[in-house]
Amino acid sequence: MDAAVPEPTAPDLAVPDLAVPDLAVPDLAAPDLTVIERARILAKAALFAPPAPIAADGRRDLVGLSRAELAQALAETGEPAFRAKQIWHWIYHQGVTDFARMSSIARPLQEKLAQRFVIGRPEVAADQLSADATRKFLFRFRDGQEAETVYIPDRHEDRGAVCISSQIGCTLSCRFCHTGTQKLARNLGAAEIVGQFMAARDAYGEWPSPKGETPRLLSTIVLMGMGEPLYNFENVAKAMRIVMDHEGIGLSRRRITLSTSGVVPMMDRAGAELGVNLAVSLHAVRDDLRDELVPLNRKYNIAEVLAACRRYPGASNARRITFEYVMLKGVNDTEADARELVRLIAGIPAKVNLIPFNPWPGSAYETSSRAAIERFARIVMDAGFSSPVRSPRGRDILAACGQLRTESERRRRA
Ligand code: SAH
Ligand code: SF4
């Protein structure tokens, strides 16, 4: 069970006496449970809010502000609206972190801005390059909290995915996930979420942002790092809007994939408001097993998760939903499991990403054999779904998500 998120309080279903209509009494006969659930999730997220994005010397970080907030911050210093557009371009298109490099801005204004604001980046606490070119960063934020970001280069082309964290720790305790062993310390702020991508770009010298759809090495974002992005929706959404803004980083929503363990009430919002690609961590085809592997299933079961997938806006054959399925030896990897999987997802424009389990010290599972994975993939493929097997990457650099942070904490304590 999701320990940190309390059960929704049952709405009071007392139906007003219909014979004496009381217009002051709302229609409680048909409460919208989704609305109540969403409000509860957002209220919980607020309890884990990040610290204000302010540097130790009191200067305010401009990264992570929406365009309107940036305009407001500049207006407070007496600057006209067009400055926001100019500065936005410097921050997100050019990638500068120093006001002195904003050559279209006069020196006195550069100095005035530098007195009040910073253009922040997380600090690089660790930077590990795997033999297979996967690169894992541990980023440290102003309050000392750390999160992982991984760059996974494509094997064949000069492009790759940046895997970004949304929370420090996670409340959801999926049994096979190392991050699930970490308590949720807090949510990441918009500045910290977009900051992971910007700092990764710094490391690869990928500024200025490419115009249009010209691919770069850091060509896609996957929200598959530490944490459950839909339990930190406001900050994730704000960060993704910044990343998608055409006059800045300009990544299209097709180049962003949000992975969720199945936070049903927020899946609809993510679809309607962001329209990014959706990945769903399914991992099991029976509720009893999924209850165990992904404890959130006790709240939103397989049928509810799949129903949310069926109504996900924008899903089509060109934009398929990805079902992630971690292959656990002797647990969820039989041919019967594969057949049930294709029965369950029939009719959903989908692909199935088979992930060989990434072991970590103390984990209770083993990776399925190659033969089992291939048998499973074949059944899924024969049913008409693409079923790529994710190749294990970065095995030599504490690849399981969350391991690097734990290691860093252990060293610091020692
Ligand atoms: N919280 C979100 C996103 C982060 S996890 C979610 O659960 O979807 C990203 C993906 O990595 C998920 O599919 C998750 O189940 C998977 N994962 C976590 N630990 C893993 C491990 N040790 N081996 C393989 N996949 C793992
Ligand atoms: Fe959290 Fe995702 Fe790990 Fe589950 S798999 S514990 S939801 S990060």
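Order of listing sets the numbers, starting from 1, for every ligand and every atom in it. In this text the structure is predicted, and so the values were computed from the model without any measurement.
- V280 places a side-chain heavy atom less than 4.5 Å from the side chain of C309.
- Put simply, CG on N235 and CZ on R186 are 9.5 Å apart, with the number rounded to the nearest 0.5 Å.
- In this structure, atom 4 (Fe) of ligand 2 lies nearest to the protein heavy atom C174 SG, 2.3 Å.
- Neither the backbone nor the side chain of V280 has any atom closer than 4.0 Å to an atom of ligand 1 (non-hydrogen atoms only).
- With Y204 as the aromatic partner, R135 meets the cation-pi criteria of under 6.0 angstrom to the ring centre and within 45 degrees of the ring axis.
- Distance CG/L258 to CG/L278: 6.5 Å, rounded to 0.5 Å.
- What sits closest to atom 23 (N) of ligand 1 on the protein, heavy atoms only, is N358 N, 2.9 Å.
- Across the listed options E324, H283, M224, H283 owns the non-hydrogen atom lying nearest to atom 15 (O) of ligand 1.
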Problem set entry | Pair S363-H178, side chain to side chain donor-acceptor pair (under 3.5 Å): steps then yes or no | CA-CA 8 Å; S363 60; H178 185 85; over 6 Å; no
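- Aromatic ring orientation, F137 versus F139: parallel (interplanar angle below 30°, classes split at 30° and 60°).
- For atom 1 (Fe) of ligand 2, the nearest protein heavy atom (residue, atom name, distance) is C170 SG, 2.3 Å.
- Atom 2 (Fe) of ligand 2 has G227 O, 4.4 Å as its closest protein atom, hydrogens excluded (heavy atom only).
- Annotation: atom 16 (C) of ligand 1 to nearest protein heavy atom, F176 CE1, 4.3 Å.
- For E148 against L138, the heavy-atom pair with the smallest separation is CG-CD1, 3.8 Å.
- Under a 4.0 angstrom heavy-atom cut-off, G225 registers as being in contact with ligand 1.
- Here C177 does not reach atom 4 (Fe) of ligand 2: none of its N/O/S atoms is less than 2.8 Å from the metal.
- When non-hydrogen atoms are compared, ligand 2 lies under 4.0 Å from the backbone of S173 (N, CA, C, O) but not from its side chain.
- Just one residue in the list K238, R60, R241 forms a salt bridge (Lys or Arg N to Asp or Glu O under 4.0 Å) with E69, and that residue is K238.
- Among protein heavy atoms, the minimum distance from atom 13 (O) of ligand 1 is reached at S281 OG, 2.7 Å.
- Listed by number with element, the atoms of ligand 1 under 4.0 angstrom from any heavy atom of W360 are 22 (N).
- Look at R67 and E247 and you find a salt bridge, because one of the NZ, NE, NH1 or NH2 atoms lies within 4.0 Å of a carboxylate O, short of that distance.
- At the shortest separation from atom 2 (C) of ligand 1 among protein heavy atoms lies S259 O, 3.4 Å.
- The closest approach between any non-hydrogen atom of G227 and ligand 1 is below 4.0 Å.
- There is a protein heavy atom closer than 4.0 angstrom to atom 7 (O) of ligand 1.
- Using cut-offs of 30° and 60° for the angle between ring planes, the F376 and Y325 rings count as tilted.
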